[in-house]
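Here is the structure we will look at.
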Amino acid sequence: MTSQTEHPPTEPLAIRARGLVKRYGDATALDDFSLDVWSGGILTLVGPSGCGKTTSLRVIAGFEAPERGTVDIRGRQVVGADTMLPPERRKVGMVFQDYALFPHMSVARNVAYGVATDTEKRRRVRDSIELVGLAGLEDRLPSELSGGQQQRVALARALAPNPDVILLDEPFSNLDASLRDRVRRDLRDILVEANATAVFVTHDQEEALAMSDMVAVMHNGRVVQAATPRELYTSPADAWVAGFLGDADFIPGHAHQGRVDTPVGTFATPHDGRIVVMIRPEDISVIPDPDGDAVVVDREFFGHDQLITVCLPGGTLLRARSGPGTVVTPSQRVWVKVGSAVTFPA
Ligand code: ADP
Ligand code: MG
C-alpha cells in the first residue's frame, strides 16, 4: 500500500523490496514487508519499537536472509528465491545503532575498513572524513571522540566505498536530547552534499516528519503507508497511522449518503455505515460563550500554545490546540469549531 508511484519510473528504484517475511522462532519480525525507495533524498522508516525496522535494514544490507520475498538494489536482484548476495557485493552502506566502530583502530583506519587502498580509494577515505567534518582527527581512537563525532566516523565509513544507498539505524538514539537537533540537521546536510540515497530508521514520529522527503510507516512487520510527511499527517491511511503520527481524537459516527453528523458538525465522507471521525487538536478552535454547548474540562498551558480539553454534549472529550491568547478556565462554556476532519471505516 505504498503511495510513492507518482514518481516517474525513469530510472531503477534504489531499493525495491517485495513480500519480505522474516521469522525468529515464534516472532515474525517481517510480515509481507514491501518498500520502494527512489534515488536521491532521504526516506525515513518509522514505527514503534519491535515493529521490524532493524530487521528490514539487516535484510536489505545482507546481514539476514528472509524466508520469503525479494530485494532489488538499483535494478539488480540481491535477494530472491535462488539469490542471496553477500553484504559486500550489494553496494549498501550501513550505520549501525551502536556505530560498531573498531575501538583499537584510528578514525582513518575505521573509515578505510572495507575500502581497498589504491590511490582513488584513499582519496575517497580522505573526502569522506572531510565531508563529515572530522578532518584533523584522523589519528584519534573512537574512545577519544564524543558520541556525535563517533557517529560521524560511522557515517564516513559507510560513505567511503561510494554505496548506492546508505542505511542508518536510529542514528541519534545514543545522543543527548540537547545535541540531537543539531546533529540531525548536520546529518541531513552531509547526506544532501554527498548526493546520497538514504534510508533512515527512527521510532520518533517528529524526527521522521522533520528529517525526510518521504516517510514509510511500519506496523507489525510491514509498511502500512508511504508518502510525503505532509500527506501522511493530513491523509493517514488508517486510524492507527493517524494516532501514531500525532495527537488525534476520534468520534464514532454513522455515515449515510456521503455525510456523517457529529456533535461538532457534519462532515463529508467516502465511507458508509459505522465510521470514526479523526480530528487533530490544531484543527479545532474554542470560542468562549456562556451559551456554548461544550464545557472546558482541562487546560495545559505550554507558552507557545496550549491544549484545551472540552466535553461535548453527549460526553465525548476533544482536545484543541490554541495560541497562548485564548483565555479559558475549567467549567467555562464554549463553542467548538472544527476546521477539517478525516474519516475511517470503524
Ligand atoms: P525494531 O528495530 O523496529 O525495534 P526489530 O527488527 O529489532 O524491531 O525486531 C522485530 C521483532 O523481531 C521483535 O519482536 C524482536 O524481538 C524480534 N527479533 C529481532 N531480532 C531477533 C533475533 N536476532 N532473535 C530473535 N528475535 C529477534
Ligand atoms: Mg531497532
Side-chain angles (χ1 to χ4, degrees), residues 1-3 6 46-48 51 204-206 208-210 215-220 222-302 304-323 326 328 330-346:
M1 209 197 326
T2 62
S3 52
E6 70 268 21
V46 65
C51 74
D204 182 323
Q205 312 81 289
E206 272 186 36
L209 296 174
V215 178
V217 181
M218 266 190 92
H219 188 206
N220 291 339
R222 73 181 69 179
V223 173
V224 290
Q225 189 177 9
T228 63
R230 182 187 309 277
E231 208 177 320
L232 272 180
Y233 191 78
T234 56
S235 308
D238 60 31
W240 186 86
V241 172
F244 179 70
L245 286 177
D247 289 333
D249 287 315
F250 298 90
I251 304 179
H254 195 90
H256 183 60
Q257 294 185 335
R259 306 181 76 77
V260 57
D261 290 319
T262 76
V264 285
T266 299
F267 301 99
T269 174
H271 311 294
D272 222 25
R274 283 179 53 228
I275 64 165
V276 286
V277 180
M278 187 281 283
I279 302 172
R280 298 220 184 264
E282 62 271 25
D283 290 329
I284 300 183
S285 13
V286 166
I287 303 129
D289 185 334
D291 296 330
D293 63 359
V295 178
V296 174
V297 294
D298 193 20
R299 193 196 66 144
E300 280 177 285
F301 189 79
F302 301 114
H304 45 72
D305 63 6
Q306 54 184 329
L307 207 54
I308 301 166
T309 306
V310 297
C311 182
L312 303 177
T316 303
L317 296 179
L318 270 191
R319 290 166 299 169
R321 203 177 285 289
S322 297
T326 307
V328 292
S331 82
Q332 185 175 345
R333 293 211 148 260
V334 294
W335 290 110
V336 172
K337 264 210 158 103
V338 176
S340 71
V342 179
T343 61
F344 303 109

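Atom set for the values below is all heavy atoms of this structure, side chains included, hydrogens, waters and symmetry mates excluded.
Note on residues 251-275: no pairs pass ring-ring contact (aromatic ring centres under 6.0 Å, His included), not counting sequence neighbours. For residues 228-251, the pairs satisfying ring-ring contact (aromatic ring centres under 6.0 Å, His included) are His219-Trp240, Trp240-Phe244, with sequence neighbours left out.
Between the side chain of Gln225 and the backbone N or O of Asp238 there is no donor-acceptor pair closer than 3.5 Å. Remark: the backbone N or O of Gln306 is not paired with any side-chain donor or acceptor of Glu300 at under 3.5 angstrom.
Considering only residues two or more places apart in sequence or on other chains, Gln332 meets the side chain to side chain donor-acceptor pair (under 3.5 Å) condition with Thr329. Applying the side-chain contact (heavy atoms from CB on, under 4.5 Å) criterion to Asn220, with sequence neighbours excluded, gives no partner residue. Not counting sequence neighbours, Asp272 has no partner by the side chain to side chain donor-acceptor pair (under 3.5 Å) test. Residues satisfying the side-chain contact (heavy atoms from CB on, under 4.5 Å) test with Glu206, not counting sequence neighbours, are Asp204. Every residue two or more places apart in sequence or in another chain that forms a side-chain contact (heavy atoms from CB on, under 4.5 Å) with Asp261 is listed here: Thr266. With sequence neighbours excluded, no residue forms a side-chain contact (heavy atoms from CB on, under 4.5 Å) with Gln257. By the side chain to side chain donor-acceptor pair (under 3.5 Å) test, Arg321 is found to be paired with Asp247, Asp305, residues two or more places apart in sequence or in another chain being considered.
Interatomic distance, CG of Leu318 versus CD1 of Ile284, reported as 4.5 Å (0.5 Å rounding). Taking CG of Asp249 as the reference point, atom CE of Met278 lies at 10.0 Å (rounded to 0.5 Å).
When all heavy atoms are compared, the tightest approach of Pro236 to Arg280 is CG-NH2, 4.3 Å. Taking both residues in full, the closest heavy atoms of Gly243 and Ala248 are given as CA-CB, 4.5 Å, listed atom of the first, atom of the second, then distance. Considering every non-hydrogen atom in both Arg299 and Val328, the closest pair reads CD-O, 3.5 Å.
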May I have the list of side-chain donor-acceptor pairs in residues 339-346 shorter than 3.5 Å, sequence neighbours left out?
from, atom 1, to, atom 2, distance (Å)
Ser340, OG, Asp283, OD2, 3.3
Thr343, OG1, Thr269, OG1, 2.7

Cut-off 3.5 Å, no hydrogens considered: what does the side-chain donor-acceptor table look like for residues 289-298, sequence neighbours left out?
from, atom 1, to, atom 2, distance (Å)
Asp289, OD1, Asp291, N, 2.8
Asp289, OD2, Trp335, NE1, 3.0

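Using a 4.5 Å cut-off on side-chain heavy atoms (C-beta onward), Val260 and Ile251 make no contact. Ile279 has its side chain within reach of Val264: a pair of non-hydrogen atoms, C-beta onward, lies under 4.5 Å apart.
Residue Val334 forms a side-chain contact (heavy atoms from CB on, under 4.5 Å) with just one option from Ile287, Thr326, Val286, and that option is Val286.
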